[in-house]
Amino acid sequence: MAESLIDRTWRPTTPDDIEPDLADLWREVGRQARVARAVMSNLVVVRQRPTRSASDAVNADAVAKQLPLDEVVAQHPSRVIVIQHDPDQQAACAPTAVSVGVLTFGPPHARYGVEEVLVEAACAGASLPSIVRRLLRGDVPTSVWWTDDLAGVPPLDGLVAMARQFVYDSRRWRDVRSGVQALARLHGRVDLADVNWRRLTPLRHALIHACRDSDVDHLRQAHVAIVHDPGESALAWLMIGWLSARLGWPASASPRISAASRADEIITISVGQDAREAALSGPLDLHVALNEHRVRVARSGGGSAFTVSVPQESEADAVAAELRNLGHDVSLRDALGALLARLS
Amino acid sequence: MPESPVLNPPKESLVEQLKVGEMLSIAAEPASIVIFGGAGDLAHRKLLPALYNLHLDGLLPPRSAIVGIGRKAMSGDQYREFAKDGIKQFSRRPLEDHAWETFAADLFFITASIDEDASLAAVGSRLDVIEHERELPGNRIYYLAVPSSLFVPTVKQLHRARFVAKHQDRPWARIIVEKPIGQDLESARVINDAIAEVFDERQIYRIDHYLGKETVQNILVLRFANSIFEPLFNQKYVDHVQMTVAESEGVGTRAGYYEQAGALRDMLQNHMLQLLALVAMEPPYSLDSEVVRDEKLELIRALRRMEGPAVDESVVRAQYSAGFDMGRPVIGYREEQGVDAKSRIETYVALQIWIDNWRWAGVPFFLRTGKGLPKRASEIAIQLKEVPPILFNANKTAKLDPNVLSIRIQPDEGFALGITSKIPGPQARVYPVQMDFHYGTTFGGTSPEAYERLLLDVMAGDQTLFMRRDMVEAAWQWVMPILDRWGGQTSEPLATYPAGEWGPPEADRLIEATGRRWRNP
């Protein structure tokens, strides 16, 4: 984690005064102490507008409580543009409220700050891009962080077109099929970054390690059963997608997937000649279990069990890590491609 | 006994003697600043607030008189109220009561029409009285804050009323003319000839307010006061250069002017070619105004001319159609009040141009400007060549971002250098980061407005930031074949772009055909 938050200075403003007011805030902050202005990217945070009257000013503190934004930008300093919109609105309009702020972090001798623009825009999707376009800095990459459930609030094409990276959390999906289908339009157009997908990394790596000396055909033909915690269906399906892509499973292949509440485990994968049997047999019989702290791999047929640690990451840590990684995540892309084929 | 050394040899005058070793904040001499169009929009929004700020900083020479001239019947008190209102609305610093009292005492207004000989004679008499009362030496600055169609008649009247003595050093007379200087090469020559009959070139200040901006002045400092950049400014290291001058507003109340001008005449022929000259010119051997302007002229002369079909290949013009401005629906150009419903005036222009000299051979320059774009922003981006496709740039699907030096003219003046850096951690992953300089936070306070600097320079007699006649005409010469080509295309469809977007798809294709992309400021 970065240094703790030192100060937040913010004020309500108007759409036309955003930049002058930000410049004023920087001068104000600069008069108090030396502060380096830091910006590695534009971070466009899109979220559904909380229910309240249109005349209310945008409350930056309330946003900060609902999203770990401060922690994210402390680690990945960005020009933050928070758009609170109303996806049901049909009319084009100007923002109903705008606030600007400067957040400063770090000790006095190494203080740095980022700027935030918070916009309430109960506008039709077609008019939102003109607001965001005005606010972007062109000399740094742009990432869109979609904080709503993609299944319920699908991404706006006009916003995605401005972004190099689209960050979302599939853990929020109430319906995996709808979430995957919402991503279909983005597939190949923008770098996708799924915060939830990061949680599968140790599991995938453990599985790769366990299969190091195995024949791919054996794994391809093996039965796979996945049991997941009831709130983790997206994680299970992402695993299916990844295995499908890597093993060349046809869309008709049917690994067993089920939900069960267990005290400790988030997801378990059983691989074997007959995964329905409790006692696994053969060189590929594996039982891989992920919890919050470790992946445990048990093998039958003489292989020794081993564990892989799970890095401890908050949501902010994970988002910041994704923002820093602008490259294509080939594994995620392939997994989503396979899931699309399977769920379409 | 040896004589004691003379530490301060005698100077011409007491003032010269006293000035030895001083860094004077007031470099200019007292003068009457006579503003034709003194009750107009430019005076209200820019000139009077700029003069007030000079006054606040103690830079306006004491006893100077600011005299507005206009057709409107207005008393001195009414003019002071007019000025006060402009300062309240448009000054970069708030109105201060004490400063206003002393500034207001410098303000005068004379009702006059340049169509009437007697009227200007009366102006002369009144100016003489003001100057006598204030013990001014008779130095005068005539600011033509009027439409360019009135430049010639105004100058002729100044001549007829014997306001100007050509070649006379003291008291001096100087004239400031605003762009646009003409509608084309021919009309520019007519204006320049008419002014030259009355004023010597040393007395003429053709203003382009872009050149008064701090960041524009900093271009020369950036290039020639830092050893890191200048060695890179050439065809060996630069891949291409982009210049964007974007305005978010539509044509608004300026339809009458804009319908005669368009983006090419309004922005490119003057502001953008001036910026281009500063970015690409050879190093001058001194900062003398003539030397700097000679180098800028050489650069304009080295621009490859586009004629006939070459214009269609390298220039895109377009008009904004209905779209959005910060979420609000806005109308298209042809629906604007005062605009012909079949107008073919361009509100957007993008060009790919070449400079045929040793330094820039083979380096494309992409320039674009327009109204109804997503934001008001001006930026120059010098993109360096890519590193070879090995080591960190070996992955064809994830090419490294090239280094870019971007100079922000407005808003948030400053510059940034984009470099690639390793992300901390065990893997060899990289990220494009910015080394960023902001005037606002580095130097604090607000930068002076362009007009403040330019007015001060006129008072001090420094022409460096003003356009010389040959420069203006060379720029028109280069632009004319484009206008001629367009003039002959009366039936071809005109490209459009929705207001609030970064121009038409044709402009994207112009740059993307070369394997590059526009960089939005």
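Proteins come first, then strands; the chains are lettered A, B, ... in the order of their sequence lines, and each starts at number 1.
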[X] portion near chain B, given a 4.5 angstrom heavy-atom threshold:
X: A:Asn325; value: both
X: A:Ala126; value: both
X: A:His76; value: side chain
X: A:Leu323; value: backbone
X: A:Pro95; value: both

Subject >> Heavy-atom pair count under 4.5 Å with chain B, highest-scoring of A:Val39, A:Leu128, A:Leu136 >> reply: A:Leu136

Original post:
What residue, out of A:Ala38, A:Ala121, A:Ala94, has the most heavy-atom pairs lying under 4.5 Å from chain B?
Top reply: A:Ala94

Original post:
What residue, out of B:Gly327, B:Gly418, B:Gly500, B:Ser406, has the most heavy-atom pairs lying under 4.5 Å from chain A?
Top reply: B:Gly327

Original post:
Heavy-atom distance under 4.5 Å to chain A: side chain of B:Asp401, backbone, both or neither?
Top reply: side chain

Subject >> Contact class of B:Val404 relative to chain A, heavy atoms under 4.5 angstrom >> reply: neither

Original post:
Quick one: CD1 on B:Ile219 to NZ on B:Lys213, what's the gap to the nearest 0.5 Å?
Top reply: 12.0 Å

**OP:** Report yes or no: is the cationic atom of A:Arg204 (NZ for Lys, CZ for Arg) closer than 6.0 Å to the six-membered ring centre of A:Trp197, at no more than 45° off its axis?
**Re:** yes

Subject >> B:Arg408/B:Asp436 ion pair, N-O < 4.0 Å >> reply: yes

Subject >> Sidechain N-carboxylate O distance under 4.0 Å for B:Lys375, A:Glu19 >> reply: no

Subject >> Pair B:Asn53-B:Ser91, side-chain hydrogen bond (donor to acceptor under 3.5 Å, both in side chains): steps then yes or no >> reply: CA-CA 7 Å; B:Asn53 276 284; B:Ser91 167; 3.0 Å; yes

Original post:
Under 30°, 30 to 60°, or over 60°: which ring-plane class applies to B:Tyr451 and B:His209, parallel, tilted or perpendicular?
Top reply: parallel

Original post:
Does the side chain of B:Met435 reach to within under 4.5 Å of the side chain of B:Ile419, using non-hydrogen atoms?
Top reply: yes

